[in-house]
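Contents: one structure, followed by commentary.
Basis for what follows: all heavy atoms, side chains included, without hydrogens, waters or symmetry-related copies.
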Amino acid sequence: MFDASTAQAVAAVVTAAATGAATEAGREAWTSLLRLARRAARRSPGTPEEDVLPVDPRDPAQVRRLAGLVLEEAARNDDFAAALESWTDAVSTRLGLGPRTSGVHNEVAGNARATTVIQADTVNGGISFGQGSP
């Protein structure tokens, strides 16, 4: 099943592939993504392949359009969704993003005495508890 967390992972890897297109790994990731996009364009009614490709990885609007196309096709087509998830997993590793995980697992158990608990996956920025030092 293609869910919201999978869509977020795909979008992140599409962006990383576009950003890294200047590197060999990025170019390979981008080229393989375009192959998937061609498959999606052929299946999408009213979307001629020429309207999808070529896509400039330096153009954020084109990258978003491409991501939208593959995500829409994945939502409609389970076989395509499986191919896109496979691409995402393989490319994540090649681009140094690490393997995609199935979710966050945090546990407070046993004799733990916690007054504040934050459960999170990726945190960009700081986390503060209470007031800072005077």
Side-chain donor/acceptor of T31 to backbone N/O of E28, under 3.5 Å: no
Please report the shortest heavy-atom distance between A74 and A81, naming the atom on each side. O-CB, 3.4 Å
Inspect the surroundings of CZ in R27 and state if more than 12 heavy atoms from other residues, nucleotides or ligands are less than 6.0 Å away. yes
Decide yes or no for L66 and L34: does some side-chain heavy atom of the first lie under 4.5 Å from some side-chain heavy atom of the second? yes
Minimal non-hydrogen separation, L69 against A37, with atom names: CD2-O, 3.8 Å
Would you say S86's side chain and A82's backbone share a donor-acceptor pair under 3.5 angstrom? no
To the nearest 0.5 Å, how far apart are CZ in F80 and CG in L71? 8.5 Å
Taking all non-hydrogen atoms of both residues into account, name the closest pair between V91 and A29 and its distance. CG1-CB, 3.5 Å
To the nearest 0.5 Å, what is the distance between CZ on R35 and CZ on R38? 8.0 Å
Rounded to the nearest 0.5 Å, what separation is found between the CH2 atom of W30 and the CG atom of D56? 8.0 Å
Separation between CG of D79 and CG of L84, rounded to the nearest 0.5 Å: 12.5 Å
